[in-house]
J.: 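Below is one structure. I have some questions about it.
Quick note on labels: first sequence line is chain A, next is B, and so on, each numbered from 1.
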Amino acid sequence: MTTAVALPPGAQLTPTKGDSHLLEVSMGPQHPSTHGVFRMDVVLDGERVMKLKPVFGYLHRNHEKIAEHESYLGSMPYTDRLDYFCSLTNNWAYALAVETLAGIQVPERAEYLRVITAELTRLQNHASLIGFLMQDMGASGTPLMYAFREREKILDLFESLTGARMMCNYMRFGGCRVDLPAGWLEQAKKVVAEFPRFLDEYESLLARNEILMARTQGVGVLSKELAINAGVTGPMLRACGVNYDLRKVDKYGIYDRFSFRVPLGDHGDVYDRYMIRLLEMRESVKILEQALRDLPEGPVQDPKTKIRGFRPKPGEAYGRIEAPKGELGFYLISDGSPGPYRYRVRPPSLINLTILEDMCLGQNIADVVIILGSIDIVMGEVDR
Amino acid sequence: MLEQLKPEIEAAVPGARLEIVTNPSVSGQHSLLIDAEHAVAVALFLRDSPRHRYDYCSNVTGIDWPPLEVSEKVKVKKLVDGVETEVDELRTTESGDYLEAVYHLYSMEKKHGPVILRMHTEDRAAHVHLPSLTPVWRSADFQEREIFDLFGIVFDGHPDLRRILMWEGFVDHPMRRDYVEPDDYEYEPTAHDEVLHRAQHTHGGAA
């Protein structure tokens with residue numbers, strides 16, 4: 001008599017005809033490689049992926065509904081919790097949507113501070129992402145710690161500026177909450193000046209690493225056409241060779257004043273996505289050098305903007321920015337009351353997951369982890 | 001811009017009923033209300049026409065408009081006892097009572113946009129069907145599922161319309177304005193009992 005094995009919830013063995021056996025595996029939700037509470041129902045033939053359905057919602061708290069019961073200002077700290085790696089870009093996207101809705105002008109110095117904090121956010125997000133990606137590939141610990149060492153320096157800057165390392169809650173409609181503390185600019189210039197050294201080091205250690213190339217080249221290939229049609233944005237899209245960066249297309253804020261390039265990939269595989277992040281960090285350093293050099297004096301908040309008790313005129317607006325993970329947009333409808341009638345977040349992490357199955361079909365199960373890692377998702381934003 | 005786009009669509013999709021919805025806000029993002037019947041044809045035209053090439057559907061979302069009665073006092077001239085006098089009369093206008101789906105389209109090729117498409121359901125209870133635009137833009141896939149989950153719009157033609165954020169077996173649509181939260185969130189069904197039952201009965205019942 002056979003002994004029955006208690007299967008984990010969601011898993012089931014499905015024998016099929018012939019000598020091949022399809023195995024249904026529930027990957028996640030409690031596994032470090034899924035980057036949060038995220039599950040994939042995978043059907044395997046041996047090690048090959050035949051079907052993959054992402055399952056999420058474990059972190060769902062209906063962010064949008066909560067925001068519709070809040071004032072406009074009240075949602076600002078809550079946007080930090082969407083993509084908790086990049087609270088400053090979340091703040092910016094929301095502030096931009098409200099400013100589009102109400103036609104608020106932002107002072108010069110605040111625009112520069114926004115660019116500086118957003119590009120620092122991009123640096124620390126991409127640095128951690130490539131660290132995590134190496135971790136997913138089995139390079140346990142060291143590459144991630146190298147990346148986190150750099151991230152820590154940037155988080156220290158955030159802490160001294162905003163009072164929080166990750167939940168920054170820094171931007172306001174019409175500007176930023178506080179001005180720079182004494183010595184911050186010098187410290188930031190130092191961090192930015194030292195950053196290329198980390199990139200050189202990382203690149204010389206890993207970019208031509210044989211295991212990295214064998215595991216990532218030709219894996220998880222995404223075609224240009226599918227990427228566009230599926231609304232993939234950010235480094236994922238540019239790794240496929242599509243030149244679409246909102247900093248260049250929309251030129252929101254003052255991005256038209258900086259000279260930087262948009263790196264593009266060739267093959268749309270995991271390796272390209274990895275390299276795009278490294279190259280984007282170099283461009284971010286360029287932007288930061290220019291912004292830190294040109295930062296003008298002046299107020300950081302338009303004194304005419306009413307932040308508390310703010311009631312925009314009825315209407316709607318969609319504001320979007322190039323967040324480190326892709327296009328982050330906020331869609332707001334005002335009915336003239338103190339809170340938004342409709343508040344919608346366009347989460348890049350969620351929409352970039354649409355093509356996860358397409359990229360994984362026919363790949364090995366071990367590659368699923370890398371492909372997922374190369375998308376760069378944060379469950380706080382996927383589930384909202 | 002929509003003023004020029006509208007006749008072009010009407011020429012390309014005969015019978016399409018379009019209406020420009022003006023946005024009173026300073027953002028100036030006006031939108032185009034399209035009818036459900038011709039929605040897919042309009043979407044295909046916007047995506048494929050070489051002049052427009054709206055190949056990228058960025059944001060898809062739902063909005064709930066519950067029935068709204070606006071009462072206002074109107075002065076009306078009436079004959080009272082043969083004398084014409086001004087009388088206050090209460091007039092109520094009804095609006096709303098539909099669900100709306102909104103699509104923000106951009107063009108990655110031409111780098112322009114947005115064109116905002118809107119669709120209305122007939123009401124909020126029995127007739128909540130809209131055509132899915134997922135066959136036109138894959139990016140609508142998860143977002144239409146989210147609208148189905150949270151607002152309760154049923155997208156006909158969607159390849160895999162299931163709940164996405166709430167669990168299977170959840171009944172209501174939390175993003176509707178009249179949704180009432182339950183007092184108790186403690187119990188959420190899991191597959192545990194079902195799986196245990198299967199494990200006990202598939203292999204000779206020796207679990």
J.: Please report whether the ring centroid of B:F142 lies less than 6.0 Å from that of A:F56.
T.: yes
J.: Which of the residues A:N62, A:L59, A:D383, A:V249 is involved in the greatest number of heavy-atom pairs with chain B at under 4.5 angstrom?
T.: A:N62
J.: For A:D335, is it the side chain, the backbone, both, or neither that has a heavy atom closer than 4.5 Å to a heavy atom of chain B?
T.: neither
J.: Ignoring hydrogens and angles, state whether a donor on the side chain of A:S26 or A:R39 is under 3.5 Å from an acceptor on the partner side chain.
T.: yes
J.: Is A:R238 reaching over with its side chain to a backbone N or O of A:Y244, donor-acceptor style, under 3.5 angstrom?
T.: yes
J.: Is it the backbone or the side chain of B:V60 that comes under 4.5 Å from a heavy atom of chain A, or both, or neither?
T.: backbone
J.: Keeping the roles fixed (side chain from A:E99, backbone from A:G174), state whether a donor-acceptor pair exists under 3.5 Å.
T.: yes
J.: Would you please say whether a donor-acceptor pair under 3.5 Å links the side chains of B:E8 and B:H52?
T.: yes
J.: For chain B, which of A:V55, A:T100, A:L237, A:L226 has the most heavy-atom pairs under 4.5 Å?
T.: A:T100
J.: Can you tell which part of A:E225 gets under 4.5 Å to a heavy atom of chain B, answering side chain, backbone, both or neither?
T.: neither
J.: For each of B:C57, B:A140, B:P174, tally heavy-atom pairs with chain A at distances under 4.5 Å, and name the one with the top tally.
T.: B:P174
J.: If I measure from the heavy atoms of chain B, does A:I333 come under 4.5 Å with its side chain, its backbone, both, or neither?
T.: side chain
